[in-house]
Amino acid sequence: MTGAIHTDRLSAFFDRLRSAPSRVLFLDYDGTLAPFQIDRDRAFPYPGVPVLIDRIMENGTRVVFVTGRPVREVLLLSGLRRQPEVWGSHGLERLKPDGSYSVEKVSTEQEAGLTQAQERLRSQGLKNRMELKPGAVALHWRGLEPQEIDKLSDTVRHLWYPLVRQYPLDLLAFDGGLELRVRGKDKSQAVAAILGESNPDSVIAYLGDDRTDEDAFHALRGRGLTVLVRDQPRPTLAEVQLRPPQELIQFFSEWLAAS
Ligand SMILES: [Mg+2]
């Protein structure tokens with residue numbers, strides 16, 4: 001096991017965690033807990049991770065998943081025995097710790113735009129790369145060669161840009177594709193909502209890998225530790241970087257030991 005995660009910043013964080021009145025752990029799913037797979041339905045967590053997260057929840061940490069995936073997919077794939085809190089579809093859906101579920105309403109106008117987005121992909125023979133989820137249509141290109149990705153990205157942007165102008169929708173680039181979704185929804189809102197519900201003395205961390213997690217890093221600035229989980233460095237607002245899976249598992253083990 002590498003000792004690389006023992007930076008001063010992390011040591012200070014775990015010191016505070018030990019005496020914290022309450023603890024909140026935000027987790028992205030794909031690329032953070034689960035390595036990317038060409039088949040998205042087989043994106044399971046790194047071995048050892050579900051057991052650690054279950055134990056962290058048992059020991060009283062509020063674990064909150066914040067993901068672009070629909071809630072039900074995270075529950076199916078994560079391999080957890082306990083049900084975590086999940087904000088899915090970039091915060092449009094919410095499964096609370098008590099099991100109650102809510103999804104924000106999408107306007108008729110937004111539905112019309114999303115339907116057109118699907119039709120435009122189908123008309124280009126892209127149905128098998130398309131994913132429909134609450135409030136969004138995604139186009140996935142994982143597994144393609146870089147030149148094919150460039151070409152596909154151009155095609156889809158060309159198809160979808162007119163819809164962004166016509167409907168209250170946003171076009172979002174994520175690691176592995178493009179997504180058209182209801183305007184004004186990103187991971188920062190999930191973070192802000194949980195901060196509003198939490199004890200001001202809570203010790204908090206957010207672990208994520210994607211560009212979409214940068215919104216959450218920004219929202220948590222000054223209130224929690226922000227962690228980029230990724231092999232390669234990249235420009236980020238996160239304070240710390242962990243290389244999965246070893247440093248990730250070490251982080252969870254230390255979290256558990258500190259609670
Ligand atoms: Mg991710």
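Since this is a predicted model, take the numbers as computed values, not measurements. As the structure lists them, so they are numbered: ligands from 1, and atoms in each ligand from 1.
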So is R69 actually on top of Y29's ring, under 6.0 Å and inside 45° of the axis?
no
Between K96 and E197, is there a side-chain N and carboxylate O pair less than 4.0 Å apart?
no
Less than 4.5 Å apart, any side-chain heavy atom of Y206 and any of K187?
yes
Below 4.0 angstrom, N of the basic side chain to O of the carboxylate: do E73 and K133 qualify?
no
Listed by chain and number, what are the ring-ring contact (aromatic ring centres under 6.0 Å, His included) partners of F13, not counting sequence neighbours?
W255
Quick check against the 3.5 Å criterion: does E239 have a side-chain atom that pairs as donor or acceptor with the backbone of T226?
yes
Leaving waters out, which protein N, O or S atoms fall under 2.8 Å from the Mg ion (ligand 1)?
D28 OD2, D30 O, D209 OD1
